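What you see is a predicted model, and the numbers here were worked out from it, not measured in a lab.
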Amino acid sequence: MFEINENARRISQEEKHQYLSQGFIKPFPVFSDSGVKDLQAWFKNIIHKLPKGIDINKTNMWHKASKSFYDICHTSVILDCVEDLLGKNFYLWGGQFFYKEKKNESIVPWHQDAQYWPLEPSKSVTVWLAVYDTDETNAAMKVVSGSHKEAAYNHKVNNDDRFILNQEVSEDQFDINKIVYMNLRAGEMSLHTDALLHGSDGNHSDRPRCGITMRFSPTEVKADLNVWPSFSMQMSRGQDEFNHNPIAPTPRGEAVPTKGMQFFSDFEKEW
């Protein structure tokens with residue numbers, strides 16, 4: 001969809017070992033300078049299409065609504081890296097934006113994604129694609145290296161108005177010396193496992209920060225539809241040899257999600 005970076009590559013054996021031991025790998029070039037400009041223009045158009053009063057951070061399932069978002073998720077470079085971690089048979093089930101404007105005080109507290117997702121077994125990979133340069137000064141995602149190898153952490157309710165999530169893992173539960181900031185250039189991506197502790201600080205800079213997240217799982221992973229009735233997936237590569245989950249169609253147009261966890265049928269009338 002956008003021009004690919006000439007330095008795009010597969011994941012090395014050393015990086016696969018790092019993913020297993022530390023729970024994340026970065027950075028991986030995806031789009032060229034020209035591709036980044038097109039990506040940023042596309043994102044600004046998305047923001048303008050949102051109905052007034054809708055916070056893009058409170059929406060998700062963009063891959064089921066928007067053909068262009070779906071196409072970004074299925075960029076060959078991205079799928080190559082996901083395949084290197086998950087094997088040849090995997091599907092896409094989540095896609096959203098994490099956007100912090102300049103001088104934005106919102107915080108994502110320390111948490112593990114897997115505790116929110118009724119998926120078994122826990123084997124999902126998240127791709128985090130940078131729309132803009134992101135570092136410690138403008139709220140880059142931060143992770144706790146190796147935290148995915150521990151048992152589930154104790155998440156406690158915290159209703160701090162700045163928090164995007166209302167549960168957090170307190171810092172006395174892990175070694176703060178293992179915190180790593182996921183600094184990325186625009187057009188680069190990182191990949192991390194669903195059990196990795198992560199979060200982000202407020203954006204105190206004069207620069208915007210936005211990441212596009214894409215969630216992939218091998219086909220053996222099954223959703224509990226009693227807990228998550230709107231769950232559906234789109235095959236990305238290979239074959240679905242298990243048939244555990246409902247299948248969502250490829251979007252045919254450019255619908256806009258207005259809330260979280262919508263059914264794919266919510267978007268079809270807008271295509």
Check residues 256-267 and write down every donor-acceptor pair under 3.5 Å in which the side-chain atom is one partner and the other belongs to a residue at least two apart or another chain.
| residue | atom | partner | partner atom | Å |
| --- | --- | --- | --- | --- |
| Gln262 | OE1 | Thr258 | N | 3.0 |
| Gln262 | OE1 | Lys259 | N | 3.3 |
| Asp266 | OD2 | Phe263 | N | 3.1 |

Ignoring hydrogens and angles, write down the donor-acceptor pairs under 3.5 Å from the side chains of residues 171-181, residues two or more places apart or on other chains.
| residue | atom | partner | partner atom | Å |
| --- | --- | --- | --- | --- |
| Glu171 | OE2 | Trp110 | NE1 | 3.2 |
| Asp172 | OD1 | Ser170 | OG | 2.4 |
| Gln173 | OE1 | Asn154 | N | 3.0 |
| Gln173 | NE2 | Asn154 | O | 2.9 |
| Gln173 | NE2 | Ser170 | OG | 3.2 |
| Asp175 | OD1 | Asn177 | N | 2.9 |
| Asp175 | OD1 | Asn177 | ND2 | 3.2 |
| Tyr181 | OH | Asp201 | OD2 | 3.1 |

Only distances under 3.5 Å count here; give the side-chain donor-acceptor pairs of residues 72-79 to other protein atoms, sequence neighbours excluded, each with its distance to 0.1 Å.
| residue | atom | partner | partner atom | Å |
| --- | --- | --- | --- | --- |
| His74 | ND1 | Tyr70 | O | 2.9 |
| His74 | NE2 | Ser236 | OG | 3.1 |
| Thr75 | OG1 | Ile72 | O | 2.7 |

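In this view, Glu241 and Asn89, Thr219 satisfy the side chain to side chain contact (heavy atoms under 4.5 Å, CB included) rule, not counting sequence neighbours. Annotation: side chain to side chain contact (heavy atoms under 4.5 Å, CB included) contacts of Thr193 (sequence neighbours excluded): Tyr19, His148, Leu196. Among residues two or more places apart in sequence or in another chain, the side chain to side chain contact (heavy atoms under 4.5 Å, CB included) test is passed with Pro27 by Leu184, Glu188.
A side-chain N or O of Trp42 and one of Ser68 form a donor-acceptor pair less than 3.5 Å apart. One side chain, Thr126 or Arg215, offers a donor N or O that lies under 3.5 Å from an acceptor on the other.
Note on Asp33 versus Lys37: no salt bridge recorded, every NZ/NE/NH1/NH2 to OD/OE distance being 4.0 Å or above. Note on Arg10 versus Asp80: salt bridge recorded, some NZ/NE/NH1/NH2 to OD/OE distance being below 4.0 Å.
The two residues Lys67 and Pro251 come nearest to each other via the heavy atoms CD-O, 3.0 Å. Considering all non-hydrogen atoms of both residues, Met141 and Ser190 come closest at CE-OG, 4.3 Å.
Here the side chain of Asn203 pairs a donor or acceptor atom with the backbone of Glu101 at under 3.5 angstrom.
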